[in-house]
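What follows is one structure encoded as structure tokens, with my remarks underneath.
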Amino acid sequence: MHGGTRHAVKVVWAGLTALALTACVTGAPATDEGVPVVEWWTVPGHGDLEPLVQACNEAYDGAFELQLNVLSDDPVERRTSVFRRLLADDPQLDLVSLDSETTPEFARSGLLVPLSEARSEAVRETAYPEAVSAAEHEGDLFAVPFLWEPQLLWYRPSVAQRAGLDMSAQLAWPDLLAGAERAQASIVLDDPDGRVFVRWLTAVVGGSGAPLLDGAGSDATVDLDGVGGRQAVQLMSAYLASPAGSEPGSDVAERFASTGGGFALAGPSFIAHPAVQAVATDLAWAPFPNLTGPLDADVEPDELAGAVPVSGIHLAVTRGSRLPEAAALAVECLTSPVMAETLVADTGHALAYPEILADTLGDAYPLTEVVLASLEVAAPATVSPRWGAIDESVADTWTPLVELDDTVPERSQRRAEELLRGEGL
Amino acid sequence: MSAAEFPARGPAGRAARGWILAGPALLLMAVVLVVPLAVAVHTSLYRTTFTGPDTFVGFDQYAALLTSTSWWSAVATTLVLATAIAGFQVILGFVVALTMRYAPRLRRTLALAVLIPFAVLPYAWTASWFAALDGGYLATWFGLDELGTPASLAAIVAAETWRGVGLAAVLCYVGLHRMSPRLLESARADGASLRLRLTRVMVPAAAPALAIAFGLRLLDTVRLFDPAVVARDYPGAEQPDVLGAAIFTAYAERGELGLASSAALLTVALTGIVALLVWLSGRLIARLRRRAVDRALT
């Protein structure tokens, strides 16, 4: 009897060891049916990506099982945590969504899996070239453009009419502000990702021609305290002081939909925000207002129209992933024309593929026309691995908003240079 | 080692024996201290980022830090906060020590009460102070609508003070204990009031201990870190850029390991300077006291 017990223990022990060994050898996690589980870490947004994930899982039946995870709301924290996890070859991170501003930095890090020759060619042919160049490094593509979106002006036609604004023409910011004040309506700035001020700067500085950042090394030049930078601060202070102004935030959709609401500056996914559905019958959109306005008399109005802030999301397969093939396949699905309708229906997001927008979606996506037109005159972030210095400097110096005064352009310039050159804490 | 080889008795032998017995411990301490410092010095000579290759820059990062406003503002913030915190700790600690000394029945309860905060997780106790001031019970008491700069600084100082009062009290208690009871008795016999006994006898007698307590608490508080991390979770709060937090951010959020190492080593130097100042002022206090005693005797 005694010997029997010992034997039983031995068998159990052997079984456990075998189990542990199998786990080590097979490594990659899989569902009960043996389908490899691809962990996708996404950037938080307004819409719901779950239906898209479900659709892809069904369409590629058995090839992969996408699991949705969400990264931090804060862009600086998001970039940092992704970097740390990539550096540690975290196997829980197969596929990651990258803010397009940070993509050049990640593409140079050696932490992502480059695309195959054939896939690169296909992506280069179909995606927006600006989105592609952000993911390029030494001839290879390290990420696939997913979303590429201009900022838009959202408005309630009833309020615009009361304000006496002609929304069919390109609107200038001073006219919009005056109109909103006349109609006693608010203009809200949507800030789902903490980049509202960088977008604002792009819209003002982009019009003046000089980029916010120029260069890829620590000797890159920054232009945060030029004419554009100073004007951006003045315009923002004037906006905050106006009765139509309020602090930007991630909850502005509610303010837009409430009785005092009238105008909002936000990305395409604003259309899918649950709070906005309450005013869906009184909702329209126009290109981003011309923020430069008459303050800069030397520049012709025609030259200013290009200042539409644009940003996007890239999808990248991580070096630490144990399922790079399955993850790459999932990316193919997520950016395919077949899935485009599911994506826009639930999230309102605009894909980074002009042909899909124009041909596949067409009327199925109400924003097609305005998105395509806006992207013609887009001003995306400089493709540089050093963009983080701009992001962090603006985050450091533009807030708290009560301290937003004429010293800010100079302070943000100094801070950005300090961060670029690694000369300060 | 045989008995014959062991250093002989006598003063010289005793010194040699001391070195032999303490040697291994000293060696271990040296290794534990020197190796990380050496690694830090090495990394501080390179510019590092998350992505790029490390580039050798020599002492450039030290020079850049010493001429940057962000470094000096962090130093100033840290020293101001640390001085305030250490000061409050010693004042409160002295009160606690007096109570423990002259109300023996309360001693145990009091010692427990002031030492418990030291055992609580730093993040937890700071967060509890922040929560109390951000719409919590303290906000109700003082009628605070939002957690502004004064309230968040008060939360930081209160949390850190609360943590260190116990240690400061123990140090002050030792100082009081060493004071000769005859001093107090003769003062009482001379008819000195309680106030006079406190200001003219007890505080001067405990002064060196108070100075040591203040110095030790100051050195400990320069490492201030948790409050800065907690403050980040409160959007309206003042975000103090104390050295610890700034160094952490440089490394963890920007990947600037070399710069963070340079700043950390400069902080070590700063701590050394503070320690030197504390030691010098301790000597000054002792000398002044001796002079006062001499004057009183002649």
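By convention in this document, chain letters (A, B, ...) are assigned in the order of the sequence lines, proteins followed by strands, and residues within each chain are numbered from 1.
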Chain B contact via A:Arg421 - which portion, at a heavy-atom distance below 4.5 Å: backbone
Residue selection (most heavy-atom pairs with chain A, distance under 4.5 Å) from B:Ala252, B:Ala260, B:Ser73: B:Ala252
Hey, can you pull the donor-acceptor pairs under 3.5 Å for the side chains in residues 134-144 of chain B, sequence neighbours left out?
from	atom 1	to	atom 2	distance (Å)
B:Thr140	OG1	B:Gly136	O	2.9

Chain B contact via A:Arg78 - which portion, at a heavy-atom distance below 4.5 Å: neither
Heavy-atom proximity to chain A below 4.5 Å, by part of B:Ala250: side chain
Which atom of B:Leu259 lies closest to which atom of A:Gly422, heavy atoms considered: CD1-O, 3.2 Å
Chain B contact via A:Glu105 - side chain, backbone, both or neither, heavy atoms under 4.5 Å: both
Close side-chain approach of A:Glu423 to B:Ser70, heavy-atom, < 4.5 Å: no
For B:Thr69 against A:Arg414, the heavy-atom pair lying closest together: OG1-NH1, 4.1 Å
Whether over 12 other heavy atoms sit under 6.0 Å from B:Phe88 CZ: no
Most contacts with chain A, counted as non-hydrogen pairs under 4.5 angstrom, among B:Thr67, B:Asp60, B:Leu65, B:Val57: B:Leu65
Inter-residue atom distance A:Leu425.CG - B:Glu256.CD, 0.5 Å rounding: 10.0 Å
OG1-CG distance between B:Thr49 and A:Leu419, expressed to the nearest 0.5 angstrom: 12.5 Å
Inter-residue atom distance B:Glu253.CD - A:Glu77.CD, 0.5 Å rounding: 7.0 Å
Per-residue contact mode, B:Ala63 against chain A (heavy atom under 4.5 angstrom): neither
Exceeds 12 heavy-atom contacts within 6.0 angstrom, atom OH of B:Tyr251: no
Toward chain A, the part of B:Ala263 with a non-hydrogen atom under 4.5 Å: side chain
